[in-house]
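Structure record follows, encoded as C-alpha cells.
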Amino acid sequence: MSSTRPEDSKITNTGLKVEILREYRDRNQVIVFSETGGKIISWKYRDVDIFYPRRKSKEMNEVRSHGGACVCFPNFGIVDSKFGLPKHGSLYNRRADYVTNNGVSFRGRDLLGPRHDVMCQAAIFLTLQRDGFIYSVFANIRERRKPASEPVFVNAGLRTYLRTPMYEATVAERFMPTYRISQRRAKPRYNSTYRPVSITIPGLGMVQMHLFGTAWESAILKTIGLWINSREYLCVEHIPIEPRLYGKPICPRLTNNFLPIFGCKFEIKPV
C-alpha cells in the first residue's frame with residue numbers, strides 16, 4: 001500500500017470548509033481520504049467509481065453531504081439532546097489532531113460529549129487489500145479526572161454510498177429478505193443483519209461488506225439501513241443498534257482498553 005507524502009496532499013474547498021485530502025493507491029484502486037472526519041471521498045477500482053463520489057448540496061437552507069463513506073462516532077444519527085452530541089457524532093466534521101501514514105487520529109475531552117469528563121482517543125485506519133480495503137475505527141479512554149458516574153455509550157456506525165450506474169441494485173444477506181431497488185426514491189428500510197452483505201449493482205459488479213469489531217460483534221440488535229433519494233446511488237448504513245436506543249442499557253459501551261470499535265472489509269467483484 002502507498003499513500004501520498006504529506007507535501008503531496010491536496011487541499012480542496014468542499015463547500016463547507018477547506019479539507020486536506022490524501023490518496024491511497026495500488027495497482028487497481030485509488031481511494032481519496034479526508035483528514036476531516038476520516039471520510040472516504042471516493043473509491044475507484046480500475047478507473048471506475050464504486051462509491052458515489054462525495055458532493056455537497058443545499059437543501060432547505062441546509063448544506064448536506066452525500067457520497068463516499070464515513071464513520072459516525074460515538075453516535076449514529078440524532079440522539080437525545082441530554083447527551084450534547086451532534087448528529088452523526090463529534091468526528092463527522094472535525095479535523096484530525098494527528099495524521100499517520102494510513103489514517104487519522106482524534107483526541108479530546110469533547111469527543112464523548114459534555115456528560116463525560118474523560119480524555120478519549122479515536123483513530124481511523126485504511127488498509128488496501130486485493131480487490132478492496134479495510135476501513136476501521138479504534139477508540140479508548142486515555143484519562144479520567146474523576147471516577148465514572150455513568151457508562152460511556154458508543155453506537156458507532158458506518159454510512160456508505162454505492163454508485164448505481166443503471167439505477168438498480170440488489171441487496172442480499174443470509175437472514176434478511178432480498179431487497180431490489182429500481183426506483184428513484186425509497187424511504188429508509190431497516191433490518192437485522194448478522195452476515196456479510198452482498199450488493200449486486202448492474203454495470204458495476206458485486207460489492208461485499210463484512211463488518212467486524214467489538215462494538216459490532218457484541219451488539220444484540222445489529223442493524224442495516226437502506227435508502228435512496230437519487231437514482232444515482234444507494235445508501236447503506238450499518239449500526240450496532242438503532243439511534244433512538246443510544247444511552248439505553250442495550251447500547252454498547254466504551255471501556256479503558258484500546259478497542260476495535262468496528263471495521264468493514266470492502267470487496268469488489270467487477271462485471
Side-chain angles (χ1 to χ4, degrees), residues 1-12 14 17-51 53-54 65 67-74 88-108 111 119-142 154 156-162 196 207-217 236 238 254 257-268:
M1 182 190 76
S2 64
S3 68
T4 54
R5 299 186 304 276
E7 61 268 29
D8 292 335
S9 298
K10 301 175 183 177
I11 300 178
T12 182
T14 61
K17 59 179 70 174
V18 172
E19 289 185 297
I20 297 179
L21 306 180
R22 308 173 77 84
E23 285 188 355
Y24 296 82
R25 60 173 64 239
D26 62 18
R27 185 175 179 179
N28 288 320
Q29 54 192 335
V30 179
I31 294 175
V32 178
F33 182 85
S34 174
E35 292 183 11
T36 299
K39 300 181 180 75
I40 294 179
I41 305 301
S42 67
W43 173 29
K44 284 189 176 183
Y45 184 83
R46 297 177 182 170
D47 295 324
V48 175
D49 280 306
I50 307 302
F51 289 167
R54 190 160 66 95
S65 174
C70 65
V71 168
C72 300
F73 174 93
H88 296 319
S90 55
L91 301 191
Y92 194 74
N93 289 312
R94 184 185 180 114
R95 176 80 176 274
D97 296 297
Y98 308 96
V99 178
T100 66
N101 65 347
N102 65 336
V104 292
S105 179
F106 307 84
R107 186 172 181 175
L111 294 187
M119 177 64 71
C120 176
Q121 180 174 349
I124 298 171
F125 297 108
L126 189 150
T127 305
L128 297 185
Q129 297 201 322
R130 180 178 179 181
D131 301 327
F133 64 96
I134 294 175
Y135 185 51
S136 55
V137 55
F138 293 73
N140 75 338
I141 295 172
R142 304 290 296 180
V154 174
L158 175 66
R159 170 176 279 188
T160 306
Y161 291 81
L162 295 170
V207 178
Q208 188 171 74
M209 302 173 65
H210 175 71
L211 267 78
F212 60 90
T214 51
W216 183 255
E217 292 164 359
V236 183
H238 281 88
L254 185 63
N257 297 319
F258 196 74
L259 298 173
I261 301 300
F262 74 86
C264 183
K265 182 178 181 180
F266 291 88
E267 290 183 292
I268 174 69

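From a predicted model like this one, the values you see are computed outputs, not experimental measurements. When reading the values below, keep in mind they use all heavy atoms of this one structure, side chains included, and skip hydrogens, waters and symmetry mates.
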Using a 4.5 Å cut-off on heavy atoms from C-beta on, say whether the side chain of [Y] contacts that of [X].
| X | Y | value |
| --- | --- | --- |
| Phe106 | Ile124 | yes |
| Val71 | Ile261 | no |
| Phe266 | Met209 | yes |
| Asn102 | Leu126 | no |
| Val32 | Arg54 | no |
| Val104 | Arg22 | no |
| Lys39 | Tyr92 | yes |
| Glu35 | Arg95 | yes |

To the nearest 0.5 Å, what is the distance between [atom1] ([X]) and [atom2] ([Y])?
| X | Y | atom1 | atom2 | result |
| --- | --- | --- | --- | --- |
| Thr160 | Leu162 | OG1 | CG | 6.5 Å |
| Asn28 | Arg46 | CG | CZ | 5.0 Å |
| Asp131 | Asp26 | CG | CG | 9.0 Å |
| Tyr161 | Cys70 | OH | SG | 7.0 Å |
| Ile41 | Leu21 | CD1 | CG | 5.5 Å |
| Ile50 | Tyr45 | CD1 | OH | 8.5 Å |

Could you check Cys120 against Leu254 for side chain to side chain contact (heavy atoms under 4.5 Å, CB included), going step by step and ending with a plain yes or no?
-> CA-CA 10 Å; Cys120 176; Leu254 185 63; 4.2 Å; yes
If you take all heavy atoms of [X] and [Y], which pair is closest and at what distance?
| X | Y | result |
| --- | --- | --- |
| Pro74 | Ser90 | CD-OG, 3.8 Å |
| Leu91 | Ala122 | CD1-CB, 4.1 Å |
| Arg94 | Gly108 | NH2-CA, 4.4 Å |

Are any side-chain N or O atoms of Gln29 and backbone N or O atoms of Gly132, one a donor and one an acceptor, separated by less than 3.5 Å?
-> yes
Hey, is the main chain of Pro53 close enough, under 3.5 Å, to the side chain of Ser42 for a donor-acceptor pair?
-> no
Would His238 and Trp216 count as a side chain to side chain contact (heavy atoms under 4.5 Å, CB included) if you check the C-alpha gap in whole Å, the side-chain angles of each, and the deciding distance to 0.1 Å?
-> CA-CA 9 Å; His238 281 88; Trp216 183 255; 3.8 Å; yes
Under the ring pair (Phe, Tyr, Trp, His ring centres under 6.0 Å) criterion, do Phe51 and Trp43 qualify, and how do the steps go?
-> CA-CA 5 Å; Phe51 289 167; Trp43 173 29; 5.2 Å; yes
Please work out which of the three classes, parallel, tilted or perpendicular, describes the rings of Tyr135 and Phe133, given edges at 30° and 60°.
-> perpendicular
